[in-house]
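What's counted below: heavy atoms across the whole structure, side chains too, no hydrogens, waters or symmetry copies. Chain A is the first sequence line, chain B the second, and so forth, proteins listed ahead of strands; every chain is numbered from 1.
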Amino acid sequence: MATLSDPHPTLHAYNTLSKKKEPFRTVQAGKVGIYLCGPTVYDKAHIGHMVGPVIFDCIKRYLTYCGYDVTWVVNITDVDDKLINKANERGISMLEVAEENIKDYNDNLSALGVDQIDHFPRATDCMDEIIGFVKALVDEGFAYESAGDVYFDVAKDTNYGKLSNRSVDSMQGEGGGTAERKRGLADFALWKSAKPGEPAWESPWGNGRPGWHIECSAMSKKLLGETFDIHGGGLDLVFPHHENEIAQSECCHSKPMVTYWAHNGLLRASSAAGKVGGRGERDRKSSADEQASGKMSRSKGAGGLADLIARQGGERIRFFLLRTHYRSTVLFNEPAIEEAGSGLDGFYRLFKRYHRITGKDFYAIESPSTREAGAIEPGNDDVLKAAATCREKFLTAMDDDFNTGGAIGELFELAKIINKFCDQANLEDGGKNDSAAIVSLEKMLTTLKELSAILGIFSHPPQDSGGGDELLDPVMQLLIDLRAEARANKNFTTADAIRDGIGPLGIALEDRGGGTEWTGGDAGSLEGLMQLLIALRQTARANKDFATSDTIRDRLATIDVTLEDRPGGTEWTRS
RNA sequence: GGCGCCGUGGCCAAGUGGCUAAGGCAUCGGAUUGCAAAUCCGACAUCGCCGGUUCGAAUCCGGCCGGCGCCUCCA
């Protein structure tokens with residue numbers, strides 16, 4: 001084996017090839033090449049396609065943070081049987097099918113904060129490299145032509161099966177129509193001859209298209225070299241895809257293809273999923289079958305990823321995926337994403353608290369981007385010591401095969417330390433002027449930013465998933481003012497009526513020293529708020545409290561909302 | 001049949017030989033609040049079962065029970 005760099009002092013990575021965690025060494029000192037198998041773009045992406053990109057996005061961020069110069073490649077398979085079938089079904093070209101789904105894939109990636117990918121090679125853009133690779137294998141005697149197809153001769157590769165731990169005899173290979181063209185059942189296609197009308201490229205073996213496995217060998221070689229550091233993909237790709245990649249590349253180059261094989265666990269549909277739409281709790285029998293657990297796939301009803309993101313927001317989904325170690329199976333269901341979101345909300349509240357205290361925006365904090373620069377010097381400060389310990393534990397978890405789940409635990413711990421500090425130093429009130437305390441606070445939030453940046457979260461405020469109405473804020477301000485007045489007058493009946501009235505609309509109030517804040521709300525909330533205001537105004541009028549009733553109408557008028565009293569009740573319109 | 005993974009509190013989930021088994025969600029007390037919410041404090045598990053190795057195991061070995069994956073396209 002080629003000599004690798006000295007190991008990183010602390011980082012270890014699991015290797016599917018050795019089935020062990022190994023000290024992290026690189027092909028070239030200070031550099032890391034990562035190749036992740038991307039999607040075959042014959043249809044829209046589903047949530048399962050996001051697992052690999054999210055975890056490798058974190059892996060790249062962490063390696064960069066640790067000082068490596070990282071290049072990350074995700075390939076796009078834009079030529080294969082399924083694409084051709086899809087194109088025929090829809091009466092459009094294969095290229096159009098691909099373009100459409102690549103856009104969908106990219107949109108989903110960016111919604112989940114995956115923005116670290118350096119190269120997105122497409123199989124159809126690398127035909128020369130692919131054909132060259134096949135030709136080299138044929139020339140070396142590892143592959144043979146048969147009736148316009150080219151097959152890899154598995155019998156020539158004595159190491160075949162080392163990744164998936166299989167013996168050649170136990171393999172079925174592609175049966176069916178191609179069996180008689182092959183020398184061995186386990187032989188797999190490098191090049192497939194084209195039928196009339198199919199997309200095809202010229203080659204020494206006639207017109208055809210590449211097999212699935214060869215594109216990854218060719219593209220990784222083109223962009224990362226003959227030996228590179230990390231090759232990732234879903235656990236379901238170990239065999240045959242990655243096994244075949246190894247066979248192709250290592251026979252061709254006579255050297256290791258990859259140092260670390262990293263495979264993420266698969267998403268599983270949870271049978272306990274509380275499906276939206278399945279109202280009837282009673283007819284479990286029929287719906288239970290449909291929700292039978294199994295790997296997430298289109299046939300199991302996965303999909304609607306864009307809708308899911310619209311409902312939940314990308315950050316929740318990313319956080320949900322990172323809570324579990326990447327090699328584990330994740331049971332997927334929407335309530336679980338919401339639960340992850342509840343945890344996330346605590347961080348968002350902390351950021352608001354930080355803003356209340358300092359007037360500064362958490363998202364604007366510039367945090368250290370390297371491991372060395374981020375070290376805290378706590379001195380004798382117990383709080384900073386505790387924060388520094390959290391940071392150490394976070395990094396230890398990440399060092400241990402990118403244990404994002406363990407790392408997230410430390411993030412929560414750090415948030416608690418900060419909240420406690422704010423409480424004890426009374427920072428929302430008199431302590432605001434304690435400049436030493438503010439400095440400590442800033443240090444801890446900077447650390448929080450530094451660590452969350454490794455996970456790729458909290459870089460932007462979460463987008464409003466509900467699509468809030470622009471009237472929501474002024475209407476809420478009016479309600480908050482009315483409630484404040486009621487409270488000042490010890491009229492708690494009215495004050496509580498307001499709070500209890502907006503609660504069911506998905507909006508929560510938090511009374512702070514400096515005023516009342518509100519959170520939540522979606523497109524459907526406004527109507528309920530208006531009805532609440534109308535009811536409050538009716539009550540006021542019934543009590544001859546015309547000051548209040550007029551205030552409501554006048555304040556609404558300033559935001560271009562008109563109330564009209566009619567015999568059947570009051571209606572509101574916006575102009 | 002072959003290869004492999006998993007089983008930690010109500011739910012999710014770190015921890016893979018040694019301090020009182022992280023953390024999140026939920027629940028129950030307490031501080032705080034006009035009452036709430038938020039925040040903080042506290043309560044809440046001996047790690048599927050049995051046996052073995054060891055001074056010592058959730059962590060290693062064996063058996064059993066239960067769940068899952070790959071062996072065909074798949075992130």
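Among the heavy atoms of the strands lying under 4.0 Å from A/R499 is at least one base atom, whether or not backbone atoms are also near. Nucleic acid contact for A/E413: sugar-phosphate only, since backbone atoms but no base atoms lie under 4.0 Å from a heavy atom of the residue. Looking at heavy-atom distances under 4.0 Å, A/G232 makes no contact with the nucleic acid at all. At a threshold of 4.0 angstrom between heavy atoms, the contacts of A/L235 with the nucleic acid are absent. Across all strands shown, A/D500 has no heavy atoms under 4.0 Å from either base or sugar-phosphate atoms. Heavy atoms of A/H241 sit nowhere under 4.0 angstrom from any nucleic acid atom. A/G409 comes within 4.0 angstrom of a base, heavy atoms only. Residue contacts shown for A/R356 are absent, as no nucleic acid heavy atom lies under 4.0 Å away. Within 4.0 Å of A/G233, counting heavy atoms only, lie sugar-phosphate atoms of the nucleic acid but no base atom.
Nearest-nucleotide mapping onto RNA chain B: of A/L509 and A/R353, the residue sitting toward the 5' end is A/L509. Looking at which nucleotide of RNA chain B each of A/A340 and A/G346 is closest to, the 5′-most match is held by A/A340.
Note: CG (A/N165) to C1' (B/C5) measures 13 Å, nearest angstrom. Across the protein-nucleic acid pair, A/N426 atom CG and B/U33 atom P stand 12 Å apart, rounded to whole Å. Between the CZ atom of A/R323 and the C1' atom of B/C25 there is a distance of 8 Å, rounded to whole Å. Atom NZ of A/K82 and atom C1' of B/U72 are 10 Å apart (whole Å). Following rounding to the nearest Å, A/L266 (CG) and B/C68 (P) show an atom-to-atom distance of 14 Å. Taking atom CZ on A/F347 and atom P on B/U39, their separation rounds to 11 Å, with Å as the unit. Rounding to whole angstrom units, CD of residue A/E510 and C1' of B/C35 are separated by 16 Å. Going from atom CZ of A/R483 over to atom P of B/G34 covers 11 Å, rounded to whole Å.
For A/T40, taking side-chain heavy atoms from C-beta onward, the closest of the listed nucleotides B/G15, B/A75, B/G34 is B/A75. Considering only the side chain of A/D496, B/C35 comes nearest among B/C35, B/G2, B/A75. Here the nucleotide nearest the side chain of A/F239, chosen from B/C25, B/C71, B/G15, is B/C71. For A/R487, the listed nucleotide lying nearest its side chain is B/C35; candidates were B/C35, B/A13, B/U39. Residue A/H46 has its side chain nearest to B/A75 when only B/A14, B/A75, B/C35 are considered. When distances run from any side-chain atom of A/R512 to the nucleotides B/C68, B/A14, B/A38, the shortest one goes to B/A38. For A/A495, the side-chain atoms get nearest to B/G34 when compared with the rest of B/A14, B/G34, B/A38.
Under 3.5 Å, the side chain of A/D236 and the base of B/G69 form no donor-acceptor pair of N or O atoms. Contact of A/E339 with B/G24 (side chain to base): a donor-acceptor pair of N or O atoms is detected under 3.5 Å.
Under the 3.5 Å distance criterion, the side-chain polar atoms of A/N491 are left unmatched by any main-chain donor or acceptor of A/R487. Remark: the backbone N or O of A/R512 is not paired with any side-chain donor or acceptor of A/T516 at under 3.5 angstrom. When atom types are taken as modelled, the side chain of A/E243 and the backbone of A/S164 share a donor-acceptor pair closer than 3.5 angstrom.
Residue-nucleotide stacking is not present for A/F412 and B/G24, judged by a side-chain ring centre under 5.5 Å from the six-membered base ring centre and planes under 30° apart.
Taking only side-chain nitrogens and oxygens, A/N419 never comes nearer than 4.0 Å to OP1 or OP2 of B/A38. The phosphate of B/A38 has neither OP1 nor OP2 within less than 4.0 Å of any side-chain N or O from A/T516. Taking side-chain N and O atoms only, A/K416 has no distance below 4.0 Å to OP1 or OP2 of B/G23.
Between A/E215 and A/T77 the shortest heavy-atom distance is OE2-OG1, 2.8 Å.
The nucleotide B/G62 finds its pairing partner in B/C50, both defining distances of the Watson-Crick or G-U wobble pair being shorter than 3.5 Å. Under the Watson-Crick or G-U wobble criterion, with both distances below 3.5 Å, B/U20 has no partner in any strand shown. Remark: B/A43 base-pairs with B/U27; criterion is Watson-Crick or G-U wobble with both hydrogen-bond distances under 3.5 Å.
For the pair A/R327 and A/Y14, the cation-pi criterion (under 6.0 Å, within 45° of the ring axis) is fulfilled. Within the cation-pi definition used here (under 6.0 Å to the ring centroid, within 45° of the axis), A/R166 qualifies as a partner of A/F239.
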Would you check, one step at a time, whether the test ring-ring contact (aromatic ring centres under 6.0 Å, His included) holds for A/F347 with A/F458? CA-CA 9 Å; A/F347 289 100; A/F458 307 150; 5.2 Å; yes

Full working for salt bridge (charged side-chain N to carboxylate O under 4.0 Å, His left out) between A/D423 and A/K420: CA-CA 5 Å; A/D423 280 3; A/K420 189 174 179 176; over 6 Å; no

